[in-house]
Amino acid sequence: MARTEASVTDAQASSTDFSRPLLAWYDRHHRSLPWRTPPDETKLGVLPDPYRVWLSEVMLQQTTVGAVKRYFEAFTDAWPTVEALATAETDDVMKAWAGLGYYSRARNLKKCAETVASEYDGRFPDTEAGLKALPGIGDYTAAAIAAIAFNRPAAVVDGNIERVITRLHAIEAPLPQAKPEIRTLVAQALPHDRPGDFAQAMMDLGATICTPRRPACVLCPITDGCTARREGTAERFPVKAPKMEKPARRGAAFVAVRADGAVLLRQRPPTGLLGGMTEVPGSHWTARQDGATDISAAPFPADWRETGSIRHVFTHFALELSVFRADLHNDQLPGDQPPGDGWWSSPDTLPGEALPTVMKKAIEAAIPGATRKPRKG
DNA sequence: AAATCGTGGAG
DNA sequence: TCTCCAAGATT
């Protein structure tokens, strides 16, 4: 195909202008994703639905593409527009988000949808500043939506792009200190005719070629200006500050099973770890390792039997949970109301509850299969 | 501004 | 099994 953008190339010509070969590579090797508009359409001016771009970008924060796909389909099926999400029940949103992690994202997602629906007439702002003012949208997400959904020349910097840029320039400064320098370099390389495709091309390159380990430099379209490639040190970048090791905590979880199979659940506080999500009653999670499993934290007296234990690793600590189960007869129920603000969830509603993975593990340890959703069809 | 906030896949 | 870490945001 004939190249007609010679003037653009000349204007940007420098050792750091890698956008043309990168975009040419993207045109041929871009990933096809449910929220993405392919380059043959964006080049004709067709842009993706900002709602779908926003939803995907929030889901993709610190989360892999593979994990996001099913959730994205479920969300867009249930709530096809930002107005639909704005009027949804928050509890339904938390249920749909359960398992994806970082649950403040779901709370902010709902708030953001409500703001866009009520204050912006259902249309997302088309500038970085306007977007960043919304809950759950920070530097990266604001730039990504501006570039991808509105083709604004925004400097998008995510983990992939940090890796690509630090290798291109062999940046020795550790992250996150090097971030301002990286942003400047991205802004300098930004092709103003295709900012959205450029951002996605950089991310695809980082995800498929310029990978954290064993990068496929042989297949890379921009090796010419890559210092780390020339020096054979690509895998050394990006340099990161040393990470501290995760402390251990332990606690007890109590699975109360009624005669009809219903399980006692309750809601966690609205903020903090697993904020607003559903849990089985449990003890405090202590950092003490000598502490015996604390059965005094049970929601009511019963014949609690330890049925096993589960391990779960959070971002900043590892948890070991002793799981207790009690099978209740009808005359053993603690009054006609569940303790506190809890509720009994029957076997057919349990799989649809807003249970984070750690709680599904705990329930599974007491009642194998109880949280598994029945296969449809 | 350092700490907090989940989960699962890959090597 | 263990380590790394993924399209980061918030306080």
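The shown structure was predicted, so the numbers you read here are calculated from the model rather than taken from an experiment. Within every chain, numbering begins at 1; the chains are lettered A, B, ... in the order of the sequence lines, protein sequences first and strands thereafter. Atoms considered below: every heavy atom in the structure, side chains included; atoms not considered: hydrogens, waters and symmetry mates.
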task: Mind checking A:Arg163 for me? I need base, sugar-phosphate or nothing, with any heavy atom below 4.0 Å counting as a touch.
output: sugar-phosphate

query: Does the base of C:dG8 carry an N or O that pairs as donor and acceptor with the side chain of A:Thr141 under 3.5 Å?
result: no

field: Contact under 4.0 Å: A:His316 side-chain N or O vs B:dC5 OP1/OP2
entry: yes

Six-ring centre of A:Phe317, A:Arg249 cation under 6.0 angstrom, axis tolerance 45°: yes

- prompt: Could you give the CD1-to-P distance, from A:Ile148 to C:dA7, as a whole number of Å?
  reply: 12 Å

field: Given DNA chain C, 5'-ward residue of the pair A:Ala144 and A:Leu134, judged by closest heavy atom
entry: A:Ala144

query: A:Val65 has a side chain; which of B:dG11, C:dA9, C:dA7 sits nearest to it?
result: C:dA7

- prompt: Reckon A:Tyr102 has a side-chain N or O less than 4.0 Å from the OP1 or OP2 of C:dA6?
  reply: no

statement: Side-chain contact check for A:Arg31: nearest option of B:dA10, C:dA7, B:dT7 is C:dA7

task: Take the protein atom OH of A:Tyr103 and the nucleotide atom C1' of B:dT7, then report the distance between them rounded to whole Å.
output: 7 Å

message: Suppose you measure atom C1' in B:dA1 against the same atom in C:dA9; what distance do you get, rounded to whole Å?
response: 14 Å

message: Without decimals, in angstroms, what is the distance between A:Arg36 CZ and C:dA7 C1'?
response: 10 Å

- request: Consider only side-chain N and O atoms of A:Tyr140 and A:Gln61, and report whether a donor and an acceptor are under 3.5 Å apart.
  value: no

message: Any base atoms under 4.0 Å from A:Trp97, or only sugar-phosphate, or nothing? Heavy atoms, all strands.
response: nothing

- request: May I ask you to say whether A:Arg20 pairs ionically with A:Asp193, meaning some side-chain N is under 4.0 Å from a carboxylate O?
  value: yes

statement: Checking C:dT10, C:dA7, B:dC5 against the side chain of A:Leu273 (C-beta onward), the nearest is B:dC5

query: Taking atom P of C:dA9 as reference, at what distance in whole Å does atom CH2 of A:Trp54 sit?
result: 14 Å

field: Closest to the A:Lys240 side chain, choosing from C:dC5, B:dG6, C:dA7
entry: C:dC5

query: To the nearest Å, how far apart are A:Leu60 CG and B:dT7 C1'?
result: 14 Å

- prompt: Whole Å only: how far is the OH atom of A:Tyr71 from the P atom of B:dG6?
  reply: 13 Å

query: What's the closest nucleotide to the A:Gln61 side chain, out of B:dA10, C:dA9, B:dG6?
result: C:dA9

field: A:Arg268 NZ/CZ over A:Trp285 ring centroid, <6.0 Å and within 45° of normal
entry: yes

query: Between B:dT7, B:dG6, C:dA7, which one does the side chain of A:Tyr140 approach most closely?
result: C:dA7

task: Round to a whole Å and report the spacing from CE of A:Met94 to C1' of B:dG6.
output: 12 Å

message: Checking A:Arg163 against A:Asn160: is there a side-chain donor and acceptor pair closer than 3.5 Å?
response: yes

task: Name the nucleic acid region contacted by A:Val156, choosing base, sugar-phosphate or nothing; use a 4.0 angstrom heavy-atom cut-off, strictly under.
output: nothing

Separation of atom CD1 in A:Ile161 from atom P in C:dA6, rounded to whole Å: 12 Å

- prompt: Is it true that A:Arg266 and A:Glu279 make a salt bridge, defined as a side-chain N closer than 4.0 Å to a carboxylate O?
  reply: yes

message: Does A:Gly99 reach a base, just sugar-phosphate, or nothing at all? Heavy atoms under 4.0 Å.
response: sugar-phosphate

query: Is any side-chain nitrogen or oxygen of A:Gln62 closer than 4.0 Å to OP1 or OP2 of C:dA6?
result: no

query: Start at the 5' end of DNA chain B and walk down; is the nucleotide closest to A:Arg214 or to A:Ala67 reached first?
result: A:Ala67

query: Which of the following nucleotides, C:dA7, B:dC5, B:dG11, is nearest to the side chain of A:Arg213?
result: B:dG11

field: Touch class at under 4.0 angstrom, heavy-atom based, for A:Thr357 against every strand present
entry: sugar-phosphate

query: Any ion pair linking A:Asp27 and A:Arg194 (charged N to carboxylate O, less than 4.0 Å)?
result: yes

message: Give me the distance, rounded to whole Å, that separates C:dA7 from B:dA3 when you measure between the C1' atoms they each carry.
response: 23 Å

query: Is the distance from OP1 or OP2 of B:dG6 to the nearest side-chain N or O of A:His312 less than 4.0 Å?
result: no

- request: Please tell me which of the listed nucleotides, B:dC5, C:dA7, C:dA9, lies nearest to the side chain of A:Leu33?
  value: C:dA7

task: Confirm from the modelled atom types if A:Thr63 and B:dG6 form a donor-acceptor pair under 3.5 Å, side chain to base only.
output: yes

